[in-house]
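This is a predicted model, so every value here is computed, not measured.
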Amino acid sequence: MLCTLQNCKKSCLRAGLLPILFINMSASVWAPMAKAQAPSFELMDGKISGTVLLKAGNRPASQVAVRLKSHAAGIFRSVLTDLEGHFEVRSLPPSTYEIVVDEPGYEPAETSAQLDGSPSKLVLYLKSSNLAPTERNNYTVSARELKIPGKAHNEFERGLGSLAKKDLAGSLSHFTKAAQAFPGYFEAYYHMGVVETRLGRLDEAMQAFQKAIDLSGGRYAWAEFGIGYLLHLEGKGEEAVTTVRRGLELDGNSADGYLILGMAQLRLNRPDEAERSAREALLRNPNFAQAYLVLADAYGRRHEYSSQLQGLEAYLKLEPNGAESKTVREARVAVQSMVARLHPEE
C-alpha cells in the first residue's frame, strides 16, 4: 500500500498541475481579459440606448449621468441624458454591460444588457429617496469620467486595440499617452500594469497597478487584483490573499478576483479555501475554464483524483484549443492512470 501511495504522488508530480497554475497562469488570468477588453475595432459597433424617467409622474429625467461599464470589455463610459431623458452610447464591443444611474436625491437605478451585435434599448426609473440628497461616490466617479478628454479616451481605445493584436509595445505607448492627456486616468495605468505583466517586467507592473489604486482613491478593484496576482507570483501568499480580498470588497462580482484568490490559497496549501474560491468564481462565470484548473489542483492536493479528473475534463471542454490545453491533456493522462490504479473497479 505504501508503494502504491508513493507511485500516486510521483504521478501527481508528473501530471504537471502546479506548473499549469503557477507558471502558465500569467496567460490564463490576463490574456483572456486582454482579448475581451480589446476586440478589433470592426467589432466595436454595438449601441446601447435608453430613457431615464422619474417614477413619480413618468417624467423624463434630463441631464442626469448614466454610467455604463463592462470590466470584461474594459469599457467605462458616462453620458448625460438629453432634455427628453434619452441617452445613447455607441462603438461598443459585444459584452455584458452594467448600466447605473446614481443621481443625488434618488435611489440608484441599475440594470444590465447583453450586447451581441444588435442595438439594445432600455428604460430606467428613478425613485425619490427619503434620504437627504448627498453626493454619492459612484456619482463622483461618473462626473470624473465625463471629464476625460477625447484625446485621452482615443489613446486608451487605441491601446486596447493594440493589446488585442498582441502589440504590447504599441499598447503601452497608447496607454502612456492616455495617462499624459488625463493624469487621473487610473484605468490606463491599470492596463499599463497588464502589459508590463505580460512583458515580464513585474516591478514596473507593480508600480502601474499601485498608481491606479492611488489615483482611484483605493476604489479600483482590478488594480488590487493585479497587485494580488503579482504578490502571488512572488510567493507572498498571505499578502496576495489580503490584497485580493480588499479588491473583492470593492467588486464582489469579479470571477477573476476569486480565481486569483484561489491561486494564492493553493500557494499557501489551503486546498479547501481554494476550492471555495474557485466555486465562487464559477458562480459568477459558469464558463470560466481557469477556475476548473484551480478546482483540479485543490482536489489533487487532497488526493481526490476522480474529482481532479473531472476538473481537468471540464477545462478541456471549455478550452479544447487553449494555451494550456496541451499541458492539461498530459495531466489528464497521468491522473487517469492514477484513478485506474487506485480504483480498478471503475
- Query: When you check the side-chain N and O atoms of R329 and S325, is any donor under 3.5 Å from an acceptor?
  - Reply: no
- Query: Using a distance-only test with no angle check, is there a side-chain donor-acceptor pair under 3.5 angstrom linking E84 and T51?
  - Reply: no
- Is it true that E155 and R158 make a salt bridge, defined as a side-chain N closer than 4.0 Å to a carboxylate O? yes
- Item | Those residues that, when tested against E238, pass salt bridge (Lys or Arg N to Asp or Glu O under 4.0 Å) (two or more places apart) | R270
- Task: Give a yes-or-no answer on whether the side chains of S162 and S171 include a donor-acceptor pair shorter than 3.5 Å.
- Result: no
- Would you say T176's side chain and L172's backbone share a donor-acceptor pair under 3.5 angstrom? yes
- Can you pull the side chain to side chain donor-acceptor pair (under 3.5 Å) pairs that have at least one residue in residues 203-213, sequence neighbours excluded? Q210-D214
- Query: Is there a path of hydrophobic side-chain contacts, each under 4.5 Å between heavy atoms of I, L, V, M, F, W or Y residues, that connects L248 with W222?
  - Reply: yes
- Item | Gap separating the CE atom of M206 from the CD atom of E196, nearest 0.5 angstrom | 12.5 Å
- Message: Within the 4.5 Å heavy-atom criterion, are I99 and E110 side-chain neighbours or not?
- Response: no
- Message: For the CD atom of E304 and the OG atom of S306, what is their distance to the nearest 0.5 Å?
- Response: 9.5 Å
- Verify same cluster id: V244, L268 (apolar side-chain graph, 4.5 Å): yes
- Carefully, step by step, assess V101 and Y106 under the rule side chain to side chain contact (heavy atoms under 4.5 Å, CB included). CA-CA 9 Å; V101 181; Y106 295 87; over 6 Å; no
- Query: Can you check whether Y185 and H153 have ring centres sitting under 6.0 Å from each other?
  - Reply: no
- Query: Closest approach of L316 and R332, non-hydrogen atoms and distance?
  - Reply: CD1-NH1, 3.6 Å
- Item | Heavy-atom donor-acceptor pair, T81 side chain to G85 backbone, under 3.5 Å | no
- Can you see which heavy atom on G237 is nearest to which on A264, and at what distance? O-CB, 4.2 Å
- Message: In the structure I gave you, are the side-chain heavy atoms of V195 and L163 within less than 4.5 Å of one another anywhere?
- Response: yes
- With no hydrogens and no angle check, is any side-chain donor or acceptor of R67 less than 3.5 Å from a backbone partner on E98? no
- Query: Listed by chain and number, what are the ring-ring contact (aromatic ring centres under 6.0 Å, His included) partners of Y258, not counting sequence neighbours?
  - Reply: none
- Task: Could you label the plane-to-plane angle of the Y229 and H232 rings as parallel, tilted or perpendicular, counting under 30° as parallel and over 60° as perpendicular?
- Result: tilted
- Y305 versus H303, side-chain donor and acceptor atoms under 3.5 Å: yes
- Query: Quick one: CD on E157 to NE2 on H174, what's the gap to the nearest 0.5 Å?
  - Reply: 11.5 Å
- Message: Between E280 and R276 (salt bridge meaning N to carboxylate O under 4.0 Å), is one present in this structure?
- Response: no
- Ignoring hydrogens and angles, tell me if any N or O in the side chain of S216 forms a donor-acceptor pair with the backbone of I213 under 3.5 Å. yes
- Query: For the side chain of N154 and the backbone of G150, is there at least one donor-acceptor N/O pair under 3.5 Å apart?
  - Reply: yes
- Transitive ILVMFWY side-chain link Y125 to V66, under 4.5 Å: no
- Salt bridge present between E88 and R90 (N-O < 4.0 angstrom): yes
- Would a hydrophobic clustering, with Ile, Leu, Val, Met, Phe, Trp and Tyr connected at side-chain separations under 4.5 Å, put L199 with I227? yes
- Taking the side chain as every heavy atom from C-beta outward, state whether L250 and Y220 have any atom pair closer than 4.5 Å. no
- Check whether any side-chain heavy atom of L266 sits under 4.5 Å from a side-chain heavy atom of M263, and report yes or no. no
- Just do the salt bridge (charged side-chain N to carboxylate O under 4.0 Å, His left out) check on E330 and K326 with the steps written out, would you? CA-CA 6 Å; E330 294 172 355; K326 181 177 182 294; 2.9 Å; yes
- Query: Any idea which heavy atoms bring Q265 and E273 closest together, and the distance?
  - Reply: OE1-O, 3.0 Å
- Query: Are side-chain heavy atoms of F87 and L124 found at a separation under 4.5 Å?
  - Reply: yes
- Parallel, tilted or perpendicular: which fits the ring planes of Y190 and F209, with parallel below 30° and perpendicular above 60°? tilted
- Query: Does the side chain of Q114 pick up a donor-acceptor pair with the side chain of T96 at under 3.5 Å?
  - Reply: yes
- Query: After noting the C-alpha distance and the side-chain angles of V64 and L80, does the key distance pass the side chain to side chain contact (heavy atoms under 4.5 Å, CB included) rule?
  - Reply: CA-CA 5 Å; V64 299; L80 291 176; 5.9 Å; no
- Note on the structure: In this structure, CG of L54 is separated from CD of E103 (nearest 0.5 Å) by 9.0 Å
- Message: Please give me the minimum heavy-atom distance between G228 and I260, naming the atom from each residue.
- Response: C-CG2, 4.2 Å
- Task: May I ask you to say whether E275 pairs ionically with R279, meaning some side-chain N is under 4.0 Å from a carboxylate O?
- Result: yes
- Message: Are the side chains of L92 and I48 in contact, using a 4.5 Å heavy-atom criterion?
- Response: yes
- Query: Closest heavy-atom contact between A208 and G193?
  - Reply: CB-N, 3.5 Å
- Query: Do S112 and Y97 come close enough that some side-chain heavy atom pair is under 4.5 Å?
  - Reply: no
- Heavy-atom side-chain contact between L53 and L126 under 4.5 Å: no
- Query: How long is the span from the CD atom in Q290 to the CG atom in N285, to the nearest 0.5 Å?
  - Reply: 9.0 Å
- Take L282 and L295, measure what side chain to side chain contact (heavy atoms under 4.5 Å, CB included) needs, and give me the verdict at the end. CA-CA 10 Å; L282 290 169; L295 270 182; 3.7 Å; yes
- Note on the structure: Output for pair (M192 CE, F175 CZ), nearest 0.5 Å, gives 8.5 Å
- Message: For P183 versus Y189, what's the shortest heavy-atom pair and its separation?
- Response: O-CE1, 4.0 Å
